[in-house]
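Read the structure below first, then the notes.
Remember, it's 1-based here, ligands and their atoms both numbered in the order they're listed. Throughout, numbering of the chain's residues begins at 1 and tracks the sequence.
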Amino acid sequence: MDLGNNERRMLKAMLSKPNQEWSLEQLLSVTGWNDQVHVAGAGKGLQEEGMVEVKETTSRLVSLGEEGNKAYENGLLESRLWDWIRSVEEDQRNMGSLISSGFDRKESGPGIGILKGLGVEIVSGNLVFSDEEEITKEIARRTDFIKSLSNSPVEASTMDEGLISHFSSRSGLLEFEETTTRTWKLTKSGSSVDKSELIESQMIGELTPEMLQTDSWMGAEFKPFDVQAPAPTPTGGRRHPMQSLIERIRSVFLEMGFSEIDGDYIQSAGWNMDSLFIPQSHPARTMQDTFYLDQPEKVEIEDSYLDLWARVHEHGHDTGSRGWGGEFDKDESQKALLRTHTTVNTVRHIAENPSQPSRVFGIGRVFRQETIDRTHMPEFHQIEGIIHEPDASLPMLISTLKTFYAKMGYPDVRVRPAYFPYTEPSAEVDILWKGEWLELGGSGIFRPEVTEPLGTEWPVCAWGMGLERLAMLILGLDDIRQLYQPDLERLRKMPLL
Ligand code: PHE
């Protein structure tokens, strides 16, 4: 016999009167429970063990509806009509005088209908009847029926079936409610159980250190876990998915031996563009694409750099290049702007450490005048990196990017020739996602026009990739804006990284 505590308690209580058919109330009182759920649960358990028989009876309670209550207060429609008919002369028993006597027009039609059902006829406009006594009796019977329901609901099976069905067909007079009552009775096998076997043991739901220390858990029963039980979804804090992604990228690069750098959002056009040999006439430098600032309007740049960039841009200096020609504008170079790419961080890093080999990366926000749509925002993030050392090479660049993306879960990477003013060769980096090649960023080896003014002679592998694009893939988003809206519900449901 494998009974739980509740079953044991109920069985024991029922064994005090083995032949009784128990009601819910009786079982609550003998078991001492205050919740009917216990009786129902234990009763079901005992029923499954074949020890208890559960009987269900459904009852139908009748009570007065809204119209029924009105009928109780004012009298049934047929009763009021009948009183009127008998109070007037025979030749007055017609619709016209009924209405002029003040009887509600809306009631008169249905009222006559009901009277017809009772044996009243209309003969040349007048209401006539033969068996006055019979009609009076029937109306009294109906009135009594309504009265009998005025206090409390009555079990339908104890009432006149004909009247129930009659009133059911009249709207709003009666209301019905079905209830199921159960009774529990011991079966033969239930009543043969030895009461002394039914010992309730302590059920342990949660094991405490005290229980372990005092050995009180020994011999106790453990509440089984219900792994199907509904449980609240924990909504504790979590990192914003974008922040988790940044953390993950950070750890991948650190793992690969890179160090992290960062820089300011506010930069000069000189460091953001001129240092990268982006011609001053380049379309991306216009107000349509770049956020220039009023405050500060200008960011000063050391003359030595301005002079070098001027020479490189105008005629190539001694880089072997012919430059862009024209005249370099040093004021243009010192215009303040919000950085348009994080490449500004890596060139500044080289300028500050020209003779120190380095592998560095940075993850940061950049700003461009983009129209907001599904895949564009005026603020977004880039993942930038360089390898600056004597043997830096294109194969090294490609294998580094492949390693990075493989660690992020995208083992299929390809590079395609591309163009950037500051790299040669230049390559676009794509990854394979669901059978499609997606472009994630640019890369290349910095041109001498870039590296010479920075003071280095070593090659520099460089790359810059969009983070949002990667976030959309990894988080399964089809709209980048979802990441930046404060919709906690949605953010909570995004995958953990
Ligand atoms: N700065 C480029 C961009 O914003 C990416 C890039 C970085 C390309 C470094 C080549 C080398 O798209």
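A salt bridge does not link E53 with K185: every distance from a Lys NZ or Arg NE/NH1/NH2 to an Asp or Glu carboxylate oxygen is 4.0 Å or more. A salt bridge links E439 with R416; the closest basic N to acidic carboxylate O contact falls under 4.0 Å.
Between F258 and F361, the two ring planes are perpendicular [angle over 60°; tilted spans 30° to 60°].
Residues S358 and N353 bring no donor and acceptor atom of their side chains to less than 3.5 Å of each other.
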Worked check of ring-ring contact (aromatic ring centres under 6.0 Å, His included) between F277 and W324:
CA-CA 9 Å; F277 197 53; W324 297 111; 4.8 Å; yes

Please evaluate residues K330 and W309 with respect to the criterion side-chain contact (heavy atoms from CB on, under 4.5 Å), reporting the C-alpha separation (whole Å), side-chain torsions for both, the decisive distance (0.1 Å), and the verdict.
CA-CA 9 Å; K330 291 182 180 173; W309 295 337; over 6 Å; no

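At least one N or O atom of Y422, backbone or side chain, sits closer than 3.5 Å to an N or O atom of ligand 1. The shortest N or O to N or O distance between R368 and ligand 1 is under 3.5 Å. Between W463 and ligand 1, not a single N/O pair is under 3.5 Å apart. Backbone and side-chain nitrogen or oxygen atoms of T423 are examined, and none is located within less than 3.5 angstrom of a nitrogen or oxygen of ligand 1. At least one N or O atom of Q382 sits closer than 3.5 Å to an N or O atom of ligand 1.
For atom 8 (C) of ligand 1, the nearest protein heavy atom (residue, atom name, distance) is G442 C, 3.5 Å. From the protein, the heavy atom lying nearest to atom 11 (C) of ligand 1 is A462 O, 3.7 Å. In this structure, the protein non-hydrogen atom closest to atom 5 (C) of ligand 1 is G464 O, 3.7 Å.
Note that CD of Q280 and CG of D274 are 4.5 Å apart. Values are rounded to the nearest 0.5 Å. Put simply, CG on D329 and CD on Q334 are 9.5 Å apart, with the number rounded to the nearest 0.5 Å.
Contact atoms of ligand 1 toward T343: 1 (N), 7 (C) (distance under 4.0 Å to a heavy atom of the residue). Residue contact check: E384 has heavy atoms under 4.0 Å from atoms 7 (C), 9 (C) of ligand 1.
Compare S443, A427, G466 by their heavy atoms: the one nearest to atom 10 (C) of ligand 1 is in S443.
Within the structure, ligand 1 lacks M465 among the residues with a heavy atom less than 4.0 angstrom away.
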